Amino acid sequence: MTSAAAPGNDPTPPASSSPPRGSESASVSPSVSVPGDGSAPAAGPFPGSGAAPWRGWAAVCAVSLGIFCLITSELLPVGLLTPVGAALGVSDGTAGLMVTAPGLVAGFCAPLVTVGAGRLDRRLVLCVLIALTAAANLAAALAPDFAVVLAARVFVGVSVGGFWAIAGGLAVRLVPEHQVGRATALVFGGVPTASVLGVPAGTLLGELGGWRTAFAAVGVLGLVTLTALLVLLPPLPATRHITFPELPALLRENRAVRAGVVVTFLVVTGQFAAYTFVRPILQEVSGVDPEYISTLLLGYGVAGVAGNFLAGTRDAYRTLLVVSSSLGVVLALIAVLPGPAAGTVLLLAWGLAYGGVSVSVQGWMIKAAPEAPEAASSLMVAMFNFAIAAGALCGGLAVDGFSAPAAPLGGAALMLTAAATVWVTAVRRTPDRSDGRGRIGHRA
């Protein structure tokens, strides 16, 4: 591989022979594919190129089902904390570790699994991780005490971090280049769909048949997902072997990756600083009747699904600028505008805007490091999960120290900081071109 493949080069060929200031002069090897750059797919033709087009999309759907299964599994205890705690003799606070533990473990395991996968076929790795999720949920369903449940939740975290880091960049290997944006949006559609359908369904099962039934159902869903991956996903041999030193090197040498990690931290921390306390905000500021909040949150989730697909086919840099700016405005307004009507409209706008975050930050990372998409994705996934915990902590401090509106106001400040970061590091450095493509200087 020539020097063009070194970390830090721009994924899009220059518009002229003179590259913009701050960009590397070398071009990227045409064997690397980036959504929207017009190059050939990485590591040869995508698997569906010699077969029926539906096979590539079937594989994408299987990966999306995997994301749905994992996120449902990760968030399932949110609606089951009280019954699990009561049955196993722990407090609600202790039961909350079922949510905290997998999030933190996922943050650590995203880079660890990516490196540990080495040269293994990615199809095999994804199948093992989904099988681990299925086994963990079935073990939780049969657990005699809380210690076993918590141990099972740790394995869920391993699966979430590893699967997300590897699956996020697979669309480029499954469908033609011009369909990568839509395919990536479909993969990440599993995230908001899990919030809208998976978690409420699990909570309902817990109410009807007990919390063990809910965990068992997600375990069965894992087995169904494993079958789908085995049947529909083609062989996906590793395109390169990632080592641990490459991860910090990627951060040091690739300015766009650094910026993407920073933006991920700011946006996700701001989101969960506010969203963790959305119920008291809607009640105290907007004056929404508590019995309607669940319905409004369902609407928030549906809007998030729409936002995910709207963002999936658009330029990641400019989409994140719009998303973070919009979220900054929405969070500031929902903290100060009274009235149920205003609260409802702002909550739906909030869901629509935040729905585009996951697919956009993934697109950013693929665009920033086309020669190392798994490494870049693992850094993003790690920061994403750590930021969830940081956001909930910061929001809690704001609410306890001041009031409920302080949480969305703090979140708004972080969102606007993220928007400024996107503008300075990406959009302002990208020439205005008719095809929406441009360059971002990556030199450290």
Side-chain angles (χ1 to χ4, degrees), residues 75 78-79 81-82 92-93 96 99 191-192 195-196 199-200 203 263 265-308 310-311 319-358 360 387-422:
L75 300 180
V78 169
L81 290 182
T82 300
D92 284 350
V99 180
V191 176
S195 299
V196 175
V199 175
T203 303
V263 169
F265 174 78
L266 292 170
V267 171
V268 178
T269 302
Q271 162 70 10
F272 282 90
Y275 187 69
T276 303
F277 303 95
V278 65
R279 182 176 290 270
I281 293 166
L282 290 174
Q283 290 182 217
E284 296 177 21
V285 179
S286 304
V288 174
D289 192 313
E291 68 182 59
Y292 295 120
I293 289 180
S294 296
T295 302
L296 290 181
L297 292 179
L298 177 61
Y300 169 95
V302 173
V305 174
N308 173 80
L310 285 174
T319 299
L320 273 174
L321 177 62
V322 172
V323 163
S324 53
S325 301
S326 300
L327 286 170
V329 173
V330 168
L331 293 183
L333 291 177
I334 203 169
V336 298
L337 283 184
T344 298
V345 172
L346 289 170
L347 184 67
L348 295 177
W350 184 354
L352 183 68
Y354 186 72
V357 169
S358 297
S360 295
I388 291 174
L393 175 62
C394 292
L397 293 174
V399 170
D400 290 343
F402 300 96
S403 61
L409 287 174
L414 290 172
M415 293 297 183
L416 294 177
T417 303
T421 304
V422 175

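In this text the structure is predicted, and so the values were computed from the model without any measurement.
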To the nearest 0.5 Å, what is the distance between [atom1] on [X] and [atom2] on [Y]?
{"X": "Leu327", "Y": "Leu414", "atom1": "CG", "atom2": "CG", "answer": "11.5 Å"}
{"X": "Leu409", "Y": "Ser403", "atom1": "CG", "atom2": "OG", "answer": "8.0 Å"}
{"X": "Leu331", "Y": "Leu416", "atom1": "CG", "atom2": "CG", "answer": "9.0 Å"}
{"X": "Leu321", "Y": "Ser360", "atom1": "CG", "atom2": "OG", "answer": "11.0 Å"}
{"X": "Met415", "Y": "Thr269", "atom1": "CE", "atom2": "OG1", "answer": "9.0 Å"}
{"X": "Leu297", "Y": "Leu347", "atom1": "CG", "atom2": "CG", "answer": "6.0 Å"}

What are the two closest heavy atoms between [X] and [Y], and how far apart are they?
{"X": "Gly395", "Y": "Ala407", "answer": "O-CB, 4.2 Å"}
{"X": "Arg279", "Y": "Pro290", "answer": "NH1-O, 4.1 Å"}
{"X": "Ser358", "Y": "Val191", "answer": "OG-CG1, 4.4 Å"}
{"X": "Leu337", "Y": "Ala342", "answer": "CB-CB, 4.3 Å"}
{"X": "Pro408", "Y": "Ile334", "answer": "CB-CG2, 4.1 Å"}
{"X": "Val336", "Y": "Val285", "answer": "N-CG1, 4.2 Å"}

- Measure up the Tyr275 and Tyr300 rings against each other and bin them: parallel (under 30°), tilted (30 to 60°), perpendicular (over 60°).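 Because their plane-to-plane angle is under 30°, the rings of Tyr275 and Tyr300 count as parallel.
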
- Query: Can you list the steps and then say if Val330 with Tyr354 is a side chain to side chain contact (heavy atoms under 4.5 Å, CB included)?
  - Reply: CA-CA 11 Å; Val330 168; Tyr354 186 72; over 6 Å; no

- Message: Is the shortest side-chain heavy-atom distance between Val278 and Leu296 below 4.5 Å?
- Response: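 Not touching, per the 4.5 Å side-chain cut-off.
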
- Using the side chain to side chain contact (heavy atoms under 4.5 Å, CB included) rule, pick out the option among Leu346, Asp289, Thr344, Val288 that qualifies with Leu282.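 Testing each of Leu346, Asp289, Thr344, Val288 against Leu282, the sole residue satisfying side chain to side chain contact (heavy atoms under 4.5 Å, CB included) is Val288.
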
